[in-house]
Every structure is written in structure tokens, then in C-alpha cells.
S.K.: 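Take a look at this one; I'll ask things after.
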Amino acid sequence: MTFGGRHPGGESPQSPWRDRLPASVILTEVGPRDGFQFESAIIPTDLKIEFIRMLADAGFSRIQAVAFVHPEKVPQMADAAEVARRLPRRDGLTWSALALNLRGVERALDAGMERIEASVSASDAHSLRNAGMDRRAALGQGVAMIRRAAAGGATVIGGIQCALGCVFEGEIPIERVAEMVAEMAGAGADAITLADTTGMGNPLSVSRLLERVLPVAGGLEVGMHFHDTRGLGLANLAIALGFGIRSFDASVGGLGGCPFVPGAAGNIPTEDTVHLLAAMGIETGIDLERLKGCARALSVYLGRTLPGRIYRLDSPGSES
Ligand code: ZN
């Protein structure tokens, strides 16, 4: 038995976390969906397209552009079909859409979305607010959504909201999340995204969840979606990296939040995430300076300072 991080022979200290870090990470920019849906003022479609184009220019390989959700419940996404039609097509860039029910999947397929996230909450109370049904009904529908999206030729992400806690229900049992992952994998999901919708996760709960869920997910890509509500987003990401997770959602400037979670706050800021990963020698393929420009442009347009830190620094080393 060893304590204190040393091998029994007294060799160099162990570094299991460092040794397991991935060489590269795929960041999905979700600002146009998670971010724009949470703004009190509706951003005009032309401007959305302009911001989306700027993000595409920063070199992302994945951007979640829209949610196909009820236009009366989430009026900020009422123009989803038009936004989808006008997305700038780029080599190496895949656009995705979020859906919460079968109707949303149908609309996403009609709009030609090639990657669809079928998202279900692990919390009954949140599910009732977000999707109008308890989590068992929502999971049943989630399975149908995954099957429908796959039959329609899309790559399908099974998304699990509130996987690390719920403001209404508190802690979410890990077994429940594991069962949901198994059902989604069985239904034909190509990837799983575990979302900390309420920002209640911490590095220990993230590690417990991943220890349990990764074996269930088999070979599927498991991504994580952190909200920075309590300032733990990047700490949680750093722990997940050590589990070999290499797919994360992030939002430019740290925009974002769930309209059905009181006190919700934004996603981990994409540019802060790129900065962290670059500092650790992990590739993202994203142009940080261009991305900072996007965050600045959004900050000017929205008329407020955004939660992200890095976009407020001029250039590397210029802060004194
Ligand atoms: Zn979110």
C-alpha cells in the first residue's frame, strides 16, 4: 500500500492524472444555442448569422447553432429553421442542433442538421419544467428521438441534463445517470454528453460519475457540458481530462444558461478553455485571438462585460 504519492521503491512521484491527459480536445461552441437562448433580448437573425460566421472563422470543428424547441417557451430560438438554413458551410465544421422532443428532431432533420443532440434531464422536477414530462417519460421519448434522428441519417448525441445535480432535487443518483447512458447507447446514440446544467458538480463528483459511466458507455464518445454557475467549470474540466474525456461544450464569453433553472449561469467560456488547454499543451485547433475578438464583439453588442476572463486581456503578456 502506498501513501503520499510515491511508488513503494521510492522512485519519482506518481502522476496518473498528467499521464492520462489527451493530446487534443474537440470543443463544441454552444454559444449560439445555450448562449443566445438565455439572452433576455432576442438577437435578430441577421446578427446571429454574423456572430456564428465569426465563430466559424475561429476554427471550430463543431458548433451547436440552434435548438429546435417550442417557440413560445423559448422565443429566442423561434428562428432556428432560418438560422439552420443560413449556416455558413465550411470543410471540417459540423453543425449541430439540440432537441427536447420528437417534434424537435423532425424539425432538425427537415433543416438538414447532420448532428442532433437528443437531450433529456436526469431530474424529474427539471424535466417537468424543461420538457413538460417526468424523467421516465422524457427518457422514453429520448430513446425514440435517438432512433428517429439516427434513421434520418444524423449523428446522434444522447444528452443528459442535470447529470451532476439539480437545484430542485439536489444530488442526482449516479446509478440513474448510468442507466440513462445505457438506454441511450442501446438506442443507437453515437455519443453521450453529460451536462452539469446547474453547475453543481465538483471535481470529486465528476470523477465519481465518470468512473461509473465510462464503462457503461462502452466505446461511445463521452463529452461533458459544464456550467460555471459556482466557478467550478474549469476545475471540473481538468478532472475530466484525466479520465481521457476529449469532447467538451463551451460558450464564447461564458454566455449561456437554462431558461428553466433559477439562478442559472453561463457555460465555461470557450476562450478561457482554449487558453487553459493551450497552456497545458493540449491542441484544440482554435485560433484564440479570433475567438477573443468574437467575445469582444458580443460584449459590445450586448452592452455588458461577459463572464469570460481571457477575452479581456489584450494579448499574451500584455497585462502588467
Ligand atoms: Zn447548458
Side-chain angles (χ1 to χ4, degrees), residues 28-43 64 67 69-70 72-77 98 100 117 119-135 138 159-174 176-177 193-206 208-209 223-240 248-273 295 298-299 301-312:
T28 299
E29 170 58 48
V30 297
R33 196 279 299 168
D34 211 321
F36 293 176
Q37 80 178 6
F38 197 58
E39 291 300 317
S40 48
I42 293 173
I43 301 174
Q64 189 163 88
V69 289
H70 201 296
E72 278 165 25
K73 281 179 115 181
V74 189
Q76 293 88 343
M77 289 289 125
L98 183 96
L100 299 178
E117 179 166 356
S119 187
V120 170
S121 182
S123 150
D124 274 310
H126 178 254
S127 185
L128 283 167
R129 283 169 177 78
N130 197 41
M133 59 187 96
D134 68 24
R135 72 181 164 82
I160 301 180
Q161 304 160 41
C162 296
L164 285 150
C166 169
V167 284
F168 308 110
E169 290 187 13
E171 211 170 301
I172 297 293
I174 288 176
R176 184 190 295 178
V177 180
T193 291
L194 304 171
D196 187 9
T197 311
T198 59
M200 289 168 71
N202 65 65
L204 192 60
S205 65
V206 168
R208 285 193 177 121
L209 180 65
M224 299 206 73
H225 175 108
F226 292 117
H227 280 261
D228 203 26
T229 319
R230 290 163 183 80
L232 297 178
L234 289 181
N236 292 339
L237 173 137
I239 282 294
F248 296 94
D249 293 350
S251 177
V252 59
L255 295 175
C258 178
F260 308 103
V261 171
N267 296 88
I268 50 173
T270 317
E271 62 283 358
D272 292 14
T273 308
L298 275 159
S299 170
Y301 169 72
L302 295 170
R304 66 175 198 268
T305 302
L306 304 180
R309 309 283 177 88
I310 294 296
Y311 87 88
R312 294 180 245 164

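Note that the numbering runs from 1 along the sequence shown for the chain.
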S.K.: Treating Arg135 as the side-chain partner and His126 as the backbone partner, does any N or O pair qualify as donor plus acceptor under 3.5 Å?
M.R.: no

S.K.: Any sub-3.5 Å donor-acceptor pair from Tyr311's side-chain atoms to Leu306's backbone N or O?
M.R.: yes

S.K.: Closest approach of Ile160 and Val177, non-hydrogen atoms and distance?
M.R.: CD1-O, 4.1 Å

S.K.: List for me each residue that meets side chain to side chain donor-acceptor pair (under 3.5 Å) alongside Asp34, sequence neighbours excluded, and say none if there are none.
M.R.: His225, His227, Asn267

S.K.: Hey, could you give me the CD1/CG distance between Ile239 and Leu204, rounded to the nearest 0.5 Å?
M.R.: 8.5 Å

S.K.: Using modelled atom types and a 3.5 Å cut-off, is there a donor and acceptor pairing between side-chain atoms of Thr193 and backbone atoms of Gly159?
M.R.: no

S.K.: Hey, what do you get for CD (Gln161) to CG (Leu98), rounding to the nearest 0.5 Å?
M.R.: 7.0 Å

S.K.: Report the distance from atom CD1 of Ile310 to atom CG of Asp272, rounding to the nearest 0.5 Å.
M.R.: 5.0 Å

S.K.: Is a donor on one side and an acceptor on the other found under 3.5 Å between the side chain of Arg312 and the backbone of Pro307?
M.R.: yes

S.K.: Measure across Arg129 and Phe260 and return the closest heavy-atom pair with its distance rounded to 0.1 Å.
M.R.: O-CD2, 3.6 Å

S.K.: Would you give the length of the straight line joining atom OG of Ser205 to atom CD of Glu171, rounded to the nearest 0.5 angstrom?
M.R.: 8.0 Å

S.K.: Leu232: what forms a side-chain contact (heavy atoms from CB on, under 4.5 Å) with it, not counting sequence neighbours?
M.R.: Asn202, Asn236

S.K.: Is the shortest heavy-atom distance from the side chain of Gln76 to the side chain of Ile43 under 4.5 Å?
M.R.: no

S.K.: Looking at every non-hydrogen atom in both residues, tell me the closest pair between Leu209 and Ala163 and how far apart they are.
M.R.: CD2-O, 4.0 Å

S.K.: Could you tell me whether the side chain of Thr198 and the main chain of Gly165 form a donor-acceptor pair under 3.5 Å?
M.R.: yes

S.K.: Using modelled atom types and a 3.5 Å cut-off, is there a donor and acceptor pairing between side-chain atoms of Ser251 and backbone atoms of Leu255?
M.R.: yes

S.K.: Only counting residues at least two apart or in another chain, list the ones meeting side-chain contact (heavy atoms from CB on, under 4.5 Å) with Ala250.
M.R.: Ile268, Thr270, Thr273

S.K.: If I compare all heavy atoms of Val206 with all of Phe226, which pair ends up nearest, and what's the gap?
M.R.: CG2-CE2, 3.9 Å

S.K.: Identify the heavy atoms of Ala240 and Met224 that sit nearest to each other, and give their distance.
M.R.: CB-SD, 3.8 Å

S.K.: What pairs with Glu169 under side-chain contact (heavy atoms from CB on, under 4.5 Å), at least two apart in sequence or on another chain?
M.R.: Ser123, Asp124, Ala125, Cys166, Ile172, Arg176

S.K.: How close do Thr197 and Cys258 get, counting heavy atoms only, and between which atoms?
M.R.: CG2-CB, 3.9 Å

S.K.: Spell out, as yes or no, whether a donor-acceptor pair under 3.5 Å connects the side chain of Gln37 to the backbone of Gly257.
M.R.: yes

S.K.: Indicate yes or no for a side-chain donor-acceptor contact from Arg33 to the backbone of Ala67 under 3.5 Å, with no hydrogens or angles considered.
M.R.: no

S.K.: Are any side-chain N or O atoms of Ser119 and backbone N or O atoms of Leu100, one a donor and one an acceptor, separated by less than 3.5 Å?
M.R.: no

S.K.: Under 3.5 Å, side chain of Asp196 to main-chain N/O of Gly201, donor-acceptor pair present?
M.R.: yes

S.K.: Run the side chain to side chain donor-acceptor pair (under 3.5 Å) test against Glu117 and tell me which residues pass, sequence neighbours left out.
M.R.: Gln64

S.K.: Among residues at least two apart in sequence or on other chains, which ones pass side-chain contact (heavy atoms from CB on, under 4.5 Å) with Phe38?
M.R.: Ala264

